[in-house]
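Read the numbers this way: they start at 1 and go in the same order the structure lists the ligands and their atoms.
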Amino acid sequence: MPLTRRARILGPLLIGLIALAGAAGFAGYRMTLSMGLAELQATGRHRLDLYTASLEREIDKYAYFPATLGLERDVLELLAGPSNPARVDRVSSYLEQLNQRAGTLSIYVLDRKGQVLATSNWRQPDSFMGEDLAYRPYFKDAVDGGSGRFFGIGTTKGEPGYYLSSALIDNGELLGVAVVKVSLEQLEKSWDLVEAPALVADENGVVILASVPAWKFTTLRRLDEETRRLFDRTQQYNRRALLPLELRQSRRLDERTSLVHLAKSLTEEASVFPVSGQFLAQTQPLPGTAWNLTVFSHREQIDDMAWNHAALAAIGSAFLSILLVMVNQRRLHQRDRLAAREALQQAYDDLERKVRERTADLSAANARLQEEVAERTRAERTLRAAQDELVQAGKLAVIGQLLAGIAHELNQPLTAMRTLSGNTVKFLQRGDIATACSNLDRIDHLVDGMGTLTGQLKSFVRKSSGHPRPVVVQRAVDNALSLLDQRLRRAGAQRQIDMPEAALWALCDPNRLEQVLVNLITNALDAMEGMPSPTIELCGAGDGDRIRITVRDHGPGLTEQVRSRLFEPFFTTKDAGGGLGLGLAISSGIVRDFGGALRGDNHPQGGAVFTMDIPIATGGEDACRKN
Ligand code: ADP
């Protein structure tokens with residue numbers, strides 16, 4: 001994958017992964033927290049029930065205590081009758097004994113106006129004998145409702161306690177109120193088993209019982225001024241400072257359950273359980289009282305567990321996501337590979353099909369080409385044959401033109417031979433053997449001459465192959481001149497031959513080279529027809545890898561019109577019967593076959609000059625010697 005594309009994909013993928021891990025972590029945290037909280041709530045509820053039950057049991061122990069005083073005759077008489085010091089002492093003594101046995105703080109009896117008539121602490125200096133306690137709510141409650149319960153701090157000793165009061169009624173008439181003050185320590189005994197912080201707050205929200213000593217006489221809610229004034233009036237808390245408990249509610253789960261934070265107290269003592277931090281607070285009213293019991297369950301473990309589970313969920317989900325991404329990548333990769341393979345196969349099939357089609361096309365084209373080549377070869381062969389025929393026809397035409405001269409050339413020796421042979425007979429008859437022999441020698445010489453001529457003619461007329469081979473140019477020039485000898489002599493033409501001493505070896509067909517030379521010389525003679533002293537100049541020279549042969553005459557030269565059509569077949573300016581107009585066309589074809597060129601120009605000093613440019617035969621002599 002390209003780098004930019006990968007980066008484009010990786011960015012959002014990474015963000016997605018982080019978001020997923022975060023979400024999973026959050027979900028894990030919330031789930032563990034809610035599960036842990038549910039568990040903690042169940043445990044807390046169980047504790048709450050347990051603490052409530054034990055506290056209730058403890059209070060109930062004293063619930064009927066004050067009412068039982070109404071069964072005591074002395075007490076009733078003390079309340080009903082006139083003041084009698086002896087009876088007061090007796091009742092007080094009785095109450096003193098009773099207090100000692102019950103382990104309560106104090107037991108006392110008030111008359112219907114709220115004045116203390118007898119008390120268990122009658123012998124002590126801080127006795128509240130004779131005190132008017134009508135202002136105490138427990139008195140009022142007992143008078144109004146038959147019984148009263150009240151938590152308060154004693155006015156004399158400042159000792160906190162739980163006051164249980166009961167109206168003492170005789171024959172339907174309220175005689176007074178009996179009060180039992182129970183020590184808080186007495187109640188707290190029931191909390192020996194407490195394994196989590198717990199507190200009991202009274203109806204004013206003042207903590208009266210707490211498993212943490214520092215919490216005692218703190219308030220759960222802020223007290224307004226009016227309440228404070230009321231407390232001053234009733235001296236319920238004996239003017240204690242009543243500072244607020246450092247408790248902050250973070251979330252309320254239901255009416256009686258909330259998540260709270262307890263601040264670390266400076267005076268905090270060593271405790272078996274944590275007393276500060278995050279807690280689940282569960283509250284329930286204490287039956288038979290206006291109090292509420294609150295149990296605090298520490299959340300630290302749940303929080304730790306929730307964070308651990310969150311981390312686990314985040315890591316797990318990240319791992320799972322990476323795994324899924326990898327699996328998906330692998331799947332995509334495989335799919336791509338499969339697609340690529342299919343595309344490749346498709347391309348291969350297409351290619352194969354195209355190759356098949358092209359091969360078929362090619363085969364067809366090849367067949368056509370072969371056919372064309374064959375056709376062309378056939379045509380070339382035909383052309384070559386036609387050309388050969390043409391060359392041959394050209395030769396024959398030349399021979400035709402030379403025929404008169406040749407006949408003359410042959411006639412002359414024949415006539416001479418006839419004369420000589422007749423003379424020879426006569427000399428033989430005379431017995432002049434020597435002269436006869438001389439005649440026969442001359443005849444032999446003449447026959448040789450005729451043989452040479454016919455041999456030259458035969459060789460000229462012979463059909464040649466046209467295949468190039470090393471040829472001595474001088475020899476071809478001699479042969480051509482020899483063939484035209486009669487014509488040259490008749491025309492009285494002079495020959496000027498300019499050839500190098502050394503043989504010029506050309507790569508060509510000797511017979512055809514002679515034919516071209518015969519043609520050019522014949523044309524030169526034709527051009528100079530009727531001139532008093534016609535001259536033909538024949539030059540040959542080597543030039544690098546070429547040989548140049550020129551045939552120049554001193555005739556009228558070439559007009560522009562003639563020059564432009566010089567090599568056209570059947571172009572002639574000669575009279576009917578004078579020429580076919582094929583000589584130069586055939587000659588130029590022959591020279592071209594040699595790999596050379598033939599051109600006709602006017603000589604600057606007059607007359608026409610034909611130049612033949614043909615390839616040189618390197619190592620011609622060696623080749624010839626070998627032949
Ligand atoms: P032919 O000789 O049968 O006419 P050629 O092809 O040999 O055919 O020559 C074509 C024509 O070129 C001649 O008719 C003549 O007009 C012109 N020609 C050829 N050679 C010469 C020359 N040496 N001088 C002037 N004209 C020439």
Side-chain angles (χ1 to χ4, degrees), residues 386-406 460-461 476-477 479-481 483-498 511-540 548-594 596-614:
Q387 208 170 323
D388 287 349
E389 286 304 318
L390 201 64
V391 170
Q392 199 57 27
K395 275 186 198 169
L396 294 176
V398 171
I399 293 294
Q401 282 172 354
L402 297 175
L403 207 56
I406 292 164
F460 183 72
V461 174
V477 171
N479 284 345
L481 288 172
L483 270 172
L484 293 167
D485 187 56
Q486 172 62 22
R487 171 98 203 261
L488 285 161
R489 270 191 281 125
R490 215 180 36 212
Q494 279 190 21
R495 317 157 193 199
Q496 284 183 6
I497 297 164
D498 183 9
N511 186 257
R512 296 200 172 184
L513 178 61
E514 279 170 31
Q515 187 178 348
V516 175
L517 287 167
V518 166
N519 218 331
L520 294 177
I521 296 165
T522 311
N523 277 351
L525 288 173
D526 286 346
M528 295 184 294
E529 184 89 60
M531 283 179 69
S533 54
T535 307
I536 289 178
E537 293 170 23
L538 277 155
C539 293
R548 193 176 303 123
I549 305 166
T550 56
V551 178
R552 186 205 162 181
D553 60 57
H554 290 263
L558 307 167
T559 62
E560 202 46 50
Q561 193 240 345
V562 169
R563 241 186 92 178
S564 62
R565 304 185 59 192
L566 212 51
F567 300 103
E568 263 182 35
F570 304 109
F571 171 74
T572 179
T573 56
K574 293 171 189 169
D575 299 335
L580 284 171
L582 282 171
L584 285 178
I586 291 168
S587 297
S588 116
I590 289 169
V591 176
R592 211 170 29 246
D593 279 353
F594 294 165
L598 176 68
R599 63 172 198 277
D601 296 293
N602 284 318
H603 195 275
Q605 274 111 48
V609 58
F610 282 83
T611 309
M612 197 189 332
D613 195 351
I614 52 175

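- Side-chain contact check for Glu537 and His554: at least one donor-acceptor pair (N or O, by modelled atom type) lies under 3.5 Å.
- Which parts of ligand 1 touch Leu558 is read off a 4.0 Å heavy-atom cut-off, strictly below it: atoms 25 (C), 26 (N), 27 (C).
- With respect to the salt-bridge test (charged N to carboxylate O, under 4.0 angstrom), the residues Arg563 and Asp601 qualify.
- Summarising the geometry of Phe594 relative to Ile614, their closest heavy-atom pair is CD1-CG2, 3.8 Å, with the distance given to 0.1 Å.
- A salt bridge links Arg487 and Asp526; the closest N-O separation between the charged side-chain nitrogens and carboxylate oxygens is under 4.0 Å.
- Under the 4.0 Å criterion applied to side-chain N and carboxylate O atoms, Arg490 and Asp485 are not assigned as salt-bridge partners.
- Atom 19 (C) of ligand 1 has Asn523 ND2, 3.4 Å as its closest protein atom, hydrogens excluded (heavy atom only).
- Close approach of ligand 1 to Thr572 is summarised as follows: ligand atoms under 4.0 Å from at least one heavy atom of the residue are 1 (P), 4 (O), 14 (O).
- Near Ala527, meaning under 4.0 Å from one of its heavy atoms, ligand 1 places the atoms 22 (C), 23 (N), 24 (N), 25 (C).
- With atom 22 (C) of ligand 1 as the reference point, the heavy atom nearest to it among Leu520, Asp553, Val551 is part of Asp553.
- Nearest protein neighbour of atom 11 (C) of ligand 1, counting heavy atoms only, is Phe571 O, 4.0 Å.
- In terms of protein heavy atoms, atom 17 (C) of ligand 1 is closest to Val562 CG1, 4.0 Å.
- Using a 4.0 angstrom heavy-atom cutoff, Gly557 counts as in contact with ligand 1.
- Residue Leu584 places at least one N or O, backbone or side chain, under 3.5 Å from an N or O of ligand 1.
- The nearest heavy-atom contact from the protein to atom 1 (P) of ligand 1 is Lys574 NZ, 3.5 Å.
- Taking CG of Leu517 as the reference point, atom CZ of Arg512 lies at 14.5 Å (rounded to 0.5 Å).
- Residue Gly581 places a heavy atom under 4.0 Å from ligand 1.
- The CG atom of Leu558 lies 9.5 Å from the CG atom of Asn523; values are rounded to the nearest 0.5 Å.
- Checked by atom type and distance alone, the side chain of Arg548 never pairs as donor or acceptor with a backbone atom of Cys539 at under 3.5 Å.
- Taking OG of Ser588 as the start and CD of Glu568 as the end, the distance is 11.5 Å to the nearest 0.5 Å.
- Protein heavy atom closest to atom 13 (C) of ligand 1, with residue, atom name and distance, is Thr573 OG1, 3.9 Å.
- Among protein heavy atoms, atom 12 (O) of ligand 1 sits closest to Leu566 CD1, 3.7 Å.
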